[in-house]
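Following: one structure in structure tokens, then a few remarks.
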Amino acid sequence: MDKTILLQSIYKDVLTDFDRLNISYTREVPIVINSRAKRRQGCCKKREGKFTIEISEFVLDYPVDEIKNVVAHEIIHTCYGCFNHQKRFKAYGEKLKALGY
């Protein structure tokens, strides 16, 4: 399967899970593949008030459940008060555990 199609499919699945858990996230955030990153799995960037999620290309060779975890991690960063890894970020991560994340 094409990596872009795979990533978009997983992204939609993760957003559905966020909706099921009533986790409020920023809508319509582009997600792209970063082919240059070698050390980090993903990142969430905020420029001029808008988020972009980048997933490192090598992550797309992982099992689907692991890719979903990386994508979910980056989506949490788009939630209010979660651009860091502090209390609110961790609380959302705990909620996702109910769905196997």
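- K95 approaches L21 most closely through the heavy-atom pair NZ-O, 3.0 Å.
- Of all non-hydrogen atoms in Y62 and Q41, the two that sit nearest each other are OH-NE2, 3.3 Å.
- For the atom pair I33 CD1 and S56 OG, the distance stands at 10.0 Å (nearest 0.5 Å).
- Aromatic pair F89/H73: centroids less than 6.0 angstrom apart.
- For the pair I67/L6, a side-chain contact is recorded, criterion being any heavy-atom separation below 4.5 Å from C-beta on.
- Cation-pi contact between R20 and F18: absent, since separation from the ring centre below 6.0 Å together with deviation from the ring axis within 45° is not met.
- Here NZ of K87 is found 12.5 Å from SG of C82. Values are rounded to the nearest 0.5 Å.
- Judged by distance alone, the side chains of Y25 and D19 do bring a donor and an acceptor atom under 3.5 Å apart.
- Under the side-chain contact (heavy atoms from CB on, under 4.5 Å) test applied with I31, the options T4, L15, I53 reduce to a single match, I53.
- Residues E74 and E54 have side chains not in contact (no heavy-atom distance under 4.5 Å, counting atoms from C-beta outward).
- Looking at I76 and L96, their side chains come closer than 4.5 Å, going by heavy atoms from C-beta outward.
- Y101 has its side chain out of reach of D65: every pair of non-hydrogen atoms, C-beta onward, lies at least 4.5 Å apart.
- In this structure, K12 does not pair ionically with D17, as no charged nitrogen and carboxylate oxygen lie closer than 4.0 Å.
- Minimum interatomic distance between C79 and Y92 (heavy atoms only, all atoms of both residues): CB-CE1, 3.7 Å.
- Annotation for T78 and T26: closest pair O-OG1, 2.6 Å, computed over non-hydrogen atoms.
- For the atom pair K45 NZ and F83 CZ, the distance stands at 10.0 Å (nearest 0.5 Å).
- Counting all heavy atoms, side chain and backbone alike, Y80 lies closest to R88 at O-CD, 2.8 Å.
- Distance check, rounded to the nearest 0.5 Å: OG1 of T52 to CG of N34 gives 11.5 Å.
- Salt-bridge check for R36 with E57: failed, with every basic side-chain N at 4.0 Å or more from each acidic carboxylate O.
- In the hydrophobic cluster analysis, where Ile, Leu, Val, Met, Phe, Trp and Tyr join through side-chain heavy atoms closer than 4.5 angstrom, V32 is grouped apart from V59.
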- For H77 and F51, what are the C-alpha separation, side-chain angles and deciding distance, and is it a ring pair (Phe, Tyr, Trp, His ring centres under 6.0 Å)? CA-CA 9 Å; H77 283 303; F51 292 102; 8.9 Å; no
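- K38 approaches S35 most closely through the heavy-atom pair NZ-O, 3.2 Å.
- Atom NZ of K90 has 12 or fewer neighbouring heavy atoms from other residues, nucleotides or ligands inside a 6.0 Å radius.
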